[in-house]
Amino acid sequence: MRPGNAQASAAPATPQAPGLQVRGLACRRGGMRLFAPVDFDLAAGELLFVRGRNGRGKTTLLRAICGLTEPASGEIRFHGDSIRTMDDARRMALLYIGHRDALKEELTPLENLQMHLGLRAVGNIDEDHLLDALEAAGLGERVDTPVRYLSQGQRRRTALARLLVSQATLWVLDEPLTALDTDAVAWMAERINGHLEDGGMVICTSHQPIQGLHRARTLDLG
Amino acid sequence: MWDGIGDFVAMGGHAPYVWGSYGAVVLLLGLEAALLVRRRQRAWTRLARQARRSTTARHPSTGSES
Amino acid sequence: MNRRRIPWLYFTVPRNFYWLVQRLVPLIWAVAAVLAVAGLYVGFFVAPPDYQQGNSYRIMFIHVPTAWMGMFLYALMAVYAVIFLAWRIKMADVMARSLAPTGALMTALSLWTGALWGAPTWGTYWVWDARLTSTLLLLFLFLGYMALYAAIDDREKGARAAALLALIGVINVPVIYFSVEWWHTLHQGMSISPSGGASMAPSMLAALLLGTGACWAYCAAVTLRRAQTELLEREDSTGWTRTVSTDDAPPAPRGVAVPTGRRN
Amino acid sequence: MGRSLWTLLKRDITLLVLRRQDVMTIIAFFLIVTTLLPLSVGPEPETLRALAPGGVWIAAALASLISLDRLFADDWRDGTLEQLALGPAPLALVALTKITAHWLALGLPLVLLSPLMGYALGLQGMALLILPLSLALGTPVLSLLGATGAALTLGVRAGGALMALLILPLYVPVLILGSGAVSEAMHAAGAGPHLSLLGALLALALPLAPLAVAGALRIALD
């Protein structure tokens with residue numbers, strides 16, 4: 001069974017407009033304006049690397065793009081629909097992995113992955129495919145131990161394993177490399193490149209520069 | 001209506017209740033207004049201090065719209 | 001139709017609101033003082049003693065207004081909460097936040113005066129009368145609003161959470177009042193509620209209305225002043241506060257007759 | 001979307017089963033609070049019988065209150081709530097599903113145990129039947145209202161005590177009608193009107209409370 005994401009088999013959503021359009025996006029936190037209004041477009045196969053010192057609002061920007069945070073001003077359109085009013089199918093095309101791993105400590109990585117897919121109403125993917133994904137993420141022997149006993153790096157890998165089984169076209173990754181060791185970072189870079197080649201889009205923030213990423217546009221929040 | 005101050009204060013034997021009610025109202029409302037005046041003054045002194053500091057220090061502090 | 005559109009949002013700009021309050025509050029204080037003096041005079045020197053309760057009924061002239069104001073301010077708070085949640089007008093949140101302490105104080109005073117009125121009339125300071133119990137619960141709703149606002153550090157989130165709570169509260173107030181009324185009638189037999197306003201002498205009614213007017217004016221003045229202070233506390237000195245401290249009026253809105261009172 | 005909610009319901013119930021000891025402690029809490037009544041009022045059957053409905057109902061309300069504290073807290077802390085908000089199902093239905101799972105694990109046991117406690121407090125005949133019925137109608141409303149408080153105080157210091165202050169006034173109508181139904185049944189005056197009003201409260205709370213909870217969750221996630 002060749003490891004790899006199910007990306008190729010799923011037909012990419014028919015984009016009426018370029019993937020993501022962000023116009024005049026400004027966010028506030030604690031009454032202060034975080035960054036000057038941001039404008040950018042993201043088309044298929046493009047990576048946007050968001051840089052900025054701590055507290056500049058990188059996380060808030062990403063959460064605003066996903067629709068979790070309400071922006072102070074600005075408009076975000078994904079395949080033509082505004083993110084606040086887009087329907088479920090469109091919402092499934094977006095995958096957000098934030099600082100927190102969104103894992104249940106009592107459950108094992110396999111159960112967490114099944115839960116993640118179940119909550120996103122994805123058809124019943126057979127277990128072998130999930131096991132392959134976890135294997136690829138370097139969790140081979142840890143598949144059946146509850147997440148509570150895993151290290152921070154292993155938890156992060158479990159969270160990132162979702163990327164291998166997701167059909168989302170837009171990945172929004174907030175500090176994906178935290179707590180990852182060097183070969184995990186390489187694996188991550190390789191996965192992002194694979195996703196871009198398959199016509200996917202990635203928005204990513206990171207304090208360490210990710211080598212080997214091609215066609216990376218950067219957005220600097222200062 | 002009342003023959004003399006004493007009768008008025010006695011309030012037909014209900015003095016503690018009537019004056020207890022009106023007294024509490026006057027006291028607490030006066031207290032609320034007074035606290036508000038003090039809070040307002042404090043706000044103004046803070047602003048004045050900031051204004052003085054920012055003009056003397058000569059560094060443009062980032063304004064923020066409300 | 002009057003050509004001039006009322007600029008609803010004009011006074012939601014902090015600087016204009018500040019200036020408006022600077023003009024309005026002295027007038028409202030004057031109205032409150034006049035009504036209070038008139039109400040007290042009529043209440044104590046014109047209204048005759050009650051044939052049944054003697055003079056203790058005079059507490060009604062302050063008890064009823066505070067009770068009404070408590071409920072009215074909670075409803076008003078909920079209206080501002082809805083405006084804030086629906087249109088994100090910061091001024092609406094400032095108003096709701098400024099109403100809460102005065103509303104809580106009014107509710108507490110109505111309980112205090114109600115108890116002192118109950119003592120000579122029913123023989124005990126506290127009786128689980130339907131209205132007293134519901135007013136007590138209303139006080140808890142006020143305290144809950146203020147506690148939630150204070151507990152959340154981020155002001156923006158705190159404002160939205162408190163506004164949502166005020167909305168939830170105002171939907172529940174009629175249910176609470178109904179269930180307490182229902183509960184009271186089932187356990188009746190204990191107490192008679194004070195004589196209704198039906199057979200009130202005109203002078204009594206006048207004292208009551210004057211008292212209510214004074215109470216309303218007081219609440220308006222204190223709330224507007226607290227909202228003004230709230231704005232000052234939120235601003236840093238480079239904002240509009242610098243111009244206002246020299247007290248010149250902001251540009252008047254198009255076509256609205258602005259009371260050009262003497263600069264105080 | 002149905003699949004996603006069904007997965008969430010199963011997940012929550014499995015989590016509650018995995019954390020059985022939490023469920024047990026809350027049920028034990030309900031029993032202990034009810035036994036406080038005879039200890040404080042005295043064993044004399046006549047007074048106990050008059051106070052039994054109130055005693056059981058207050059114990060149920062307090063048990064519901066302390067159990068709701070963690071309804072959203074864990075999901076909020078580990079990031080699962082974010083993924084649920086980005087999932088296919090609307091947040092109101094997600095909230096309703098979580099409240100249902102919570103009620104099944106914690107509300108239902110109270111309803112089933114209440115005749116036992118009612119008997120212990122001297123209730124007989126009709127009252128012993130009306131007690132669980134009134135709780136069956138009332139505890140869901142408690143859970144729905146309590147969930148609003150839990151969502152509003154997410155991530156707030158001293159959330160527990162604050163939640164009690166926010167929510168207990170809203171519990172009053174349920175408490176009045178619930179304990180009223182049982183005491184009416186004791187006087188053979190029939191608890192019909194009380195139970196129908198409780199049903200009305202439930203019918204009101206079911207559609208409205210999840211909307212309020214969703215609003216509060218969105219604020220907490222912002």
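Naming: A, B, ... by sequence-line order, numbering from 1 per chain.
- Within a 6.0 Å radius of CE in Met146(C), other residues, nucleotides and ligands contribute more than 12 heavy atoms.
- Neither the backbone nor the side chain of Ala209(D) has a heavy atom closer than 4.5 Å to any heavy atom of chain C.
- Among the candidates Leu201(D), Leu145(D), Leu166(D), the residue making the largest number of heavy-atom pairs closer than 4.5 Å to chain C is Leu166(D).
- Contacts between Ile219(D) and chain C at a heavy-atom distance below 4.5 Å involve backbone atoms as well as side-chain atoms.
- Taking the side-chain contact (heavy atoms from CB on, under 4.5 Å) definition, one finds that Ala217(C) meets it with Ile28(C), Val31(C), Ala32(C), sequence neighbours left out.
- The nearest pair of heavy atoms linking Phe140(C) to Leu165(D) is O-CD1, 4.2 Å.
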### Task
Please step through side chain to side chain contact (heavy atoms under 4.5 Å, CB included) for the pair Leu197(D) and Phe178(C), ending with a clear verdict.
CA-CA 11 Å; Leu197(D) 280 171; Phe178(C) 169 78; 4.2 Å; yes

What donor-acceptor contacts under 3.5 Å connect chain C and chain D, backbone and side chains included?
from: Ala151(C); atom 1: O; to: Arg157(D); atom 2: NH1; distance (Å): 3.3
from: Asp153(C); atom 1: OD1; to: Arg157(D); atom 2: NH1; distance (Å): 2.6
from: Lys157(C); atom 1: NZ; to: Ala220(D); atom 2: O; distance (Å): 3.2
from: Arg160(C); atom 1: NH1; to: Asp222(D); atom 2: OD2; distance (Å): 2.5

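- Only the backbone of Ala150(C) has a heavy atom closer than 4.5 Å to any heavy atom of chain D.
- A side-chain contact (heavy atoms from CB on, under 4.5 Å) with Cys219(C) holds for exactly one of Leu76(C), Thr102(C), Leu105(C), Leu224(C); it is Thr102(C).
- Nearest heavy-atom pair, Ala161(C) versus Leu152(D), reported as atom, atom and distance to 0.1 Å: O-CD2, 3.5 Å.
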### Task
Test Leu154(D) against Leu81(D) for side chain to side chain contact (heavy atoms under 4.5 Å, CB included), laying out the working first.
CA-CA 11 Å; Leu154(D) 258 182; Leu81(D) 200 58; 4.0 Å; yes

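- Among the candidates Leu148(C), Val173(C), Ile152(C), the residue making the largest number of heavy-atom pairs closer than 4.5 Å to chain D is Leu148(C).
- With a 4.5 Å cut-off on non-hydrogen atoms, Ile167(D) does not touch chain C at all.
- By the side-chain contact (heavy atoms from CB on, under 4.5 Å) test, Ala227(C) is found to be paired with Phe17(C), Val94(C), Met95(C), Ser98(C), residues two or more places apart in sequence or in another chain being considered.
- Interface summary for chain C: among Ala220(D), Ala164(D), Gly149(D), the most heavy-atom pairs under 4.5 angstrom belong to Ala220(D).
- Looking at Leu164(C), only its side chain comes within 4.5 Å of chain D, counting heavy atoms on both sides.
- The salt bridge (Lys or Arg N to Asp or Glu O under 4.0 Å) pairs that include a residue from residues 138-147 of chain C number zero, where partners must be two or more places apart or lie in different chains.
- Screening Leu135(D), Ile176(D), Leu137(D) against Leu198(D) for a side-chain contact (heavy atoms from CB on, under 4.5 Å) leaves a single residue, Leu137(D).
- Looking at Leu168(D), neither its backbone nor its side chain comes within 4.5 Å of chain C, counting heavy atoms on both sides.
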